[in-house]
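These notes are about the structure you will find just below.
A, B, ... follow the sequence lines: proteins, then strands. Residue 1 opens every chain. Predicted, not measured: the structure shown is a model, and the values here were computed from it.
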There are 2 protein chains.
Amino acid sequence: MTDLDILAYALNTLAKVDEDDFALSAQYWQRRSYKKGEYYNEYRNVCKYLGFIIDGVFRTYYVDDNTGEEKNVFFFSKNQVVVSFKSFITQTPCNYFTQSMVDSKILYIHIDDLNKLYQQSHKWEHFGRLIAEMAFNVSMNRTESFLFQTPEQRYLQLIEDHPDIFNTIPLYQISSYLGIQGPSLSRIRKRIIGK
Amino acid sequence: MTDLDILAYALNTLAKVDEDDFALSAQYWQRRSYKKGEYYNEYRNVCKYLGFIIDGVFRTYYVDDNTGEEKNVFFFSKNQVVVSFKSFITQTPCNYFTQSMVDSKILYIHIDDLNKLYQQSHKWEHFGRLIAEMAFNVSMNRTESFLFQTPEQRYLQLIEDHPDIFNTIPLYQISSYLGIQGPSLSRIRKRIIGK
DNA sequence: ATTCGATTTTAACTTAGGTTAAAATTATTG
DNA sequence: CAATAATTTTAACCTAAGTTAAAATCGAAT
């Protein structure tokens, strides 16, 4: 399967984008590779692209004004969209950095081209809605995890949801994602072993 | 101004729904009043309506399986949409209760009618996308507040964003929304006075 | 295999929220 | 206005995360 086939399949699953619909978009998709550490989008830049991860992992993080500490907001991995949702959706400057955590490969489309597709076809407008809905679900799951779960529960949940990530990225990135400090994650891990 | 005028104005501001667009929808909007404590949507029900609050306040809350404790996820107030986003968007059973916290009055539209509008008009499909985007922003702000702010900072932020709510609803509802216990909010309030 | 750097854990101490129950305050209503 | 209910604060004690720095471990590269 080519990269475009993988994408076409994913879009069909996600938004019932069929062959003809996808054909409309084929000219717009571009390919790019990221070395570990390279940025998909940076602070204060408007996110103009919607990416689809062929391979790799990205993180979106916020830099605390006071402490300079980095806090991971989202992880994105293989066969998922990578985008700075709010910035992309509203075309306003981004508060975050989105960075490749390993060597990665994506297909991406420019917002202007996506808007052309929205104009051209109801199906693509529908896709646009689904992107926003997906963004919502991702954020909502995160909100719920903070509101309903302890850090320990969030950690166990993350293992369940993304066992893959743990082989790839360092634990201090995980603790940042969980909203706790490194030593706290160590203590949690120690506690869990005893269970 | 009639209720419908208020709604038309809000939709125009939100999604550039003009007079003709709105006229398409006019037949579908219905009116309803809620006594304090009545439910907009209950746990396990699919949320089939999108509401617009003419007057009043609603809360969406989750009941903890283990403790039976209620945790407030969202507040909705005057001139805002009230809806159980995820359930409405995906038409799946809701994990939450959405309840009127004071006597309230809304206009609402059925999902089937909204879908008719999506079919009929690009502008309404656009509106559908904006609803999802708005849902995302609401949730994202909430995620960020948990990830970047202490309970004290969240409390101060809520005062700034919704000074109105504090006259209307009890503090224990606020503490639930902030993700802390009653006594903690009391301590925070005491701490703040000394500043 | 050894060294250097990165990552993870540990330790010791501090801070703040959780828990439970009682007291104080505020609202409501007969 | 008194009584009752609802809400908020306080107290006392517990638990877990924050903080800082040092130690231990792991990995990559020479």
Side-chain angles (χ1 to χ4, degrees), chain A residues 35-37 57 59 61-72 75 99-103 145-159 165-195, chain B residues 35-37 57 59 61-72 75 99-103 145-159 163-195:
Chain A
K35 290 273 171 213
K36 175 177 173 176
V57 181
R59 68 177 178 130
Y61 68 91
Y62 171 82
V63 178
D64 190 286
D65 290 336
N66 308 314
T67 63
E69 201 178 358
E70 298 179 1
K71 310 211 174 183
N72 291 329
F75 291 137
Q99 183 188 43
S100 177
M101 303 185 80
V102 298
D103 292 355
S145 77
F146 284 112
L147 202 48
F148 308 149
Q149 297 186 297
T150 62
E152 178 170 329
Q153 289 172 322
R154 290 202 290 280
Y155 174 68
L156 292 169
Q157 190 69 52
L158 187 61
I159 292 176
I165 289 184
F166 288 84
N167 310 318
T168 321
I169 68 175
L171 281 172
Y172 65 82
Q173 297 287 8
I174 306 281
S175 68
S176 167
Y177 179 83
L178 297 173
I180 59 179
Q181 299 305 116
S184 289
L185 182 53
S186 278
R187 282 188 291 243
I188 287 169
R189 285 160 57 82
K190 197 174 183 183
R191 245 177 8 233
I192 288 169
I193 292 167
K195 286 182 182 170
Chain B
K35 289 274 170 213
K36 175 178 174 176
V57 181
R59 69 177 176 130
Y61 68 91
Y62 171 82
V63 178
D64 190 286
D65 289 336
N66 308 315
T67 63
E69 201 179 357
E70 296 179 3
K71 310 212 171 181
N72 290 329
F75 290 138
Q99 183 187 43
S100 179
M101 302 184 80
V102 297
D103 291 355
S145 77
F146 284 111
L147 203 46
F148 308 150
Q149 298 186 296
T150 62
E152 178 171 329
Q153 290 172 322
R154 290 202 290 280
Y155 174 67
L156 292 169
Q157 190 69 53
L158 186 61
I159 292 176
D164 50 310
I165 288 183
F166 288 83
N167 309 322
T168 321
I169 68 174
L171 281 172
Y172 65 81
Q173 297 287 7
I174 305 281
S175 69
S176 166
Y177 179 83
L178 296 173
I180 59 179
Q181 299 305 116
S184 290
L185 181 54
S186 278
R187 282 186 292 243
I188 286 169
R189 286 160 56 83
K190 197 174 184 182
R191 255 190 342 248
I192 287 168
I193 292 167
K195 287 186 181 171

Contact under 4.0 Å: [X] side-chain N or O vs [N] OP1/OP2:
X      : N      : value
A:R191 : C:dT9  : no
A:S184 : D:dA17 : no
A:R189 : C:dT10 : no
B:Q181 : C:dT19 : yes

Of the nucleotides [options], which one has an atom closest to the side chain of [X]?
X      : options                : value
A:K190 : C:dT7, C:dA11, D:dA11  : C:dA11
A:P183 : C:dA11, C:dG18, D:dG18 : C:dA11
B:S186 : C:dG18, D:dT9, C:dT10  : D:dT9
A:L171 : C:dT20, C:dT8, D:dA17  : C:dT8

Problem - Main-chain N/O of A:R59 paired to A:Q99 side chain as donor or acceptor, under 3.5 Å - result: no

Practice task
For the pair A:S176 (side chain) and A:N72 (backbone), establish whether a donor and an acceptor sit closer than 3.5 Å, ignoring hydrogens and angles.
Solution key: yes

Handout entry: Exercise: do B:Y177 and B:R154 side chains pair donor with acceptor under 3.5 Å
Key = no

Handout entry: Residue pair B:R187 / B:S184, side-chain donor-acceptor N/O under 3.5 Å
Key = yes

